[in-house]
Q: 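Sending over a structure as structure tokens; questions will come in a sec.
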Amino acid sequence: MFIVRNSVIGLALSLPFYATQSMAAEPVCELDRPVIFAGLDWDSNAFHTSVAQFILENGYGCDTDIIPGSNIPLLGGLVRGDVDVAMEVWPSNVPDVLIDGEEAGEVVNLGVNYPDSVQAWYVPRYLIEGEGAVAPDLKSVTDLAQYKDVFSDPEEPEKGRFYNCIFGWVCEITNTKKLHAYGLDDDFVNFRPGSGSAIAAVAESSLQRKRPVLFYYWGPSWLLGKYQDELVALDEPEYDPVIMDNLMETANVDDVTEAVAYPTSPVYIYANTEFEQQAPELVEFFDKYETTAALTSQSLAFLNETGGTSEEAAIEFLKANQDLWQSWVSPEIAERVQTALDLKG
């Protein structure tokens with residue numbers, strides 16, 4: 001009886017110690033409030049935000065939240081401090097408010113999310129390679145005129161059809177100028193769809209039916225993720241910033257005489273400066289966070305094929321790329337994130 005009592009007493013005395021040890025093992029976030037992300041209104045940003053949220057919540061013990069919206073108001077919110085982090089800031093789409101905010105030290109560039117976003121004119125690989133290829137010598141935009149019949153426009157069959165970017169977007173205006181500079185505006189109908197989904201629908205339908213199609217598109221995107229091996233980007237003159245700037249600044253299309261390829265562009269992570277000062281451990285994670293356009297496109301293809309959420313795509317990505325994301329965090333944090341992933345089945 002004496003032994004039993006001492007065992008019970010010993011257990012009782014040890015409980016606070018074990019409880020303390022258990023509590024100490026739990027991650028404690030540097031912030032006593034949620035980390036606020038910019039919920040920019042495109043899929044790749046939603047995906048990367050979900051990846052960062054999962055790691056912050058399960059690895060660092062942080063609460064997170066998202067403010068949804070479009071580019072200009074949310075990056076303005078980043079400058080003001082209403083938003084802590086934006087996972088995708090495209091140099092070609094930076095509003096003046098962010099430029100001014102960075103110059104004033106109100107926001108900070110935390111580095112590259114992915115270094116290789118792309119824009120190009122695409123054709124299916126089966127048109128130029130393999131048995132039955134109808135345009136075997138099509139390699140460059142300068143070859144398109146001789147193949148306009150291959151891309152015959154249904155309404156003007158004596159011309160080919162080029163599926164441009166979305167009407168009113170900067171890329172649509174740029175492509176229109178390129179058509180003129182490449183001497184193709186008399187040979188091709190400059191067809192301007194009303195949405196990105198409309199371009200993707202035409203491209204996918206053509207690919208599935210093995211039909212000719214010539215279209216502009218960008219990556220990362222689900223379309224390039226799903227069909228990356230079945231599409232070929234046509235060669236253009238090598239990117240030259242002087243020529244591209246001149247093309248962009250020339251208002252009259254008829255005055256454009258030269259064009260070049262779009263640059264491969266990095267996409268950045270930005271944070272509010274006050275957040276950077278308050279949460280150095282979290283900032284170290286964002287500094288190390290880096291992916292590729294191809295990986296992002298694969299995750300967007302997963303979203304498109306499954307009809308899932310960005311959270312589900314993030315979990316799929318984290319399960320498939322352990323070596324990558326574990327390089328962003330300490331072993332202890334990686335272990336906690338992995339445990340949370342394992343519970344997802």
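As the structure is a prediction and not an experimental result, all values here were calculated from the model.
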Q: Just verifying a value: how many Å separate L303 CG and S310 OG, rounded to the nearest 0.5 Å?
A: 7.0 Å
Q: Among Ile, Leu, Val, Met, Phe, Trp and Tyr joined by side-chain contacts under 4.5 Å, find the other residues sharing a cluster with V89 and list them by chain and number.
A: I36, L40, W42, I67, L74, L75, L78, V79, V83, W90, V94, V97, L98, I99, V107, V112, Y114, V267, Y268, Y270
Q: Any disulfide (SG to SG under 2.5 Å) involving residues 36-109? Give me the pairs, sequence neighbours left out, ordered by first then second residue.
A: C29-C62
Q: Just jot down the side-chain contact (heavy atoms from CB on, under 4.5 Å) partners of D41, sequence neighbours excluded, or say none.
A: S70
Q: Hydrophobic clusters join Ile, Leu, Val, Met, Phe, Trp and Tyr when side-chain heavy atoms are under 4.5 Å apart, directly or via other members; which others share one with V253?
A: none
Q: Can you name the residues that form a side-chain contact (heavy atoms from CB on, under 4.5 Å) with E311, not counting sequence neighbours?
A: S50, T309
Q: Apart from F167 itself, which Ile, Leu, Val, Met, Phe, Trp or Tyr residues share its cluster (side-chain heavy atoms under 4.5 Å, direct or through members)?
A: none
Q: What residues form a side-chain contact (heavy atoms from CB on, under 4.5 Å) with S205, not counting sequence neighbours?
A: R209
Q: Taking atom types as modelled, find out whether N175 and Y163 have a side-chain donor-acceptor pair closer than 3.5 angstrom.
A: no
Q: Sorted by first residue and then second, give each ring pair (Phe, Tyr, Trp, His ring centres under 6.0 Å) pair with at least one member in residues 301-322; sequence neighbours left out.
A: F47-F317
Q: Does anything in residues 194-226 form a disulfide (SG to SG under 2.5 Å)? List the pairs, not counting sequence neighbours.
A: none
Q: Partners of Y126 by side-chain contact (heavy atoms from CB on, under 4.5 Å), sequence neighbours excluded?
A: P124, L207, K210
Q: Give me each pair satisfying disulfide (SG to SG under 2.5 Å) with a member in residues 82-157, each pair once, sequence neighbours excluded.
A: none
Q: Any salt bridge between K288 and E284, counting N to O under 4.0 Å?
A: yes
Q: Not counting sequence neighbours, list each pair that qualifies as a disulfide (SG to SG under 2.5 Å) and has a residue in residues 143-242.
A: C165-C171
Q: In terms of side-chain heavy atoms, does E88 have a donor or acceptor partner in S44 at a distance below 3.5 Å?
A: yes
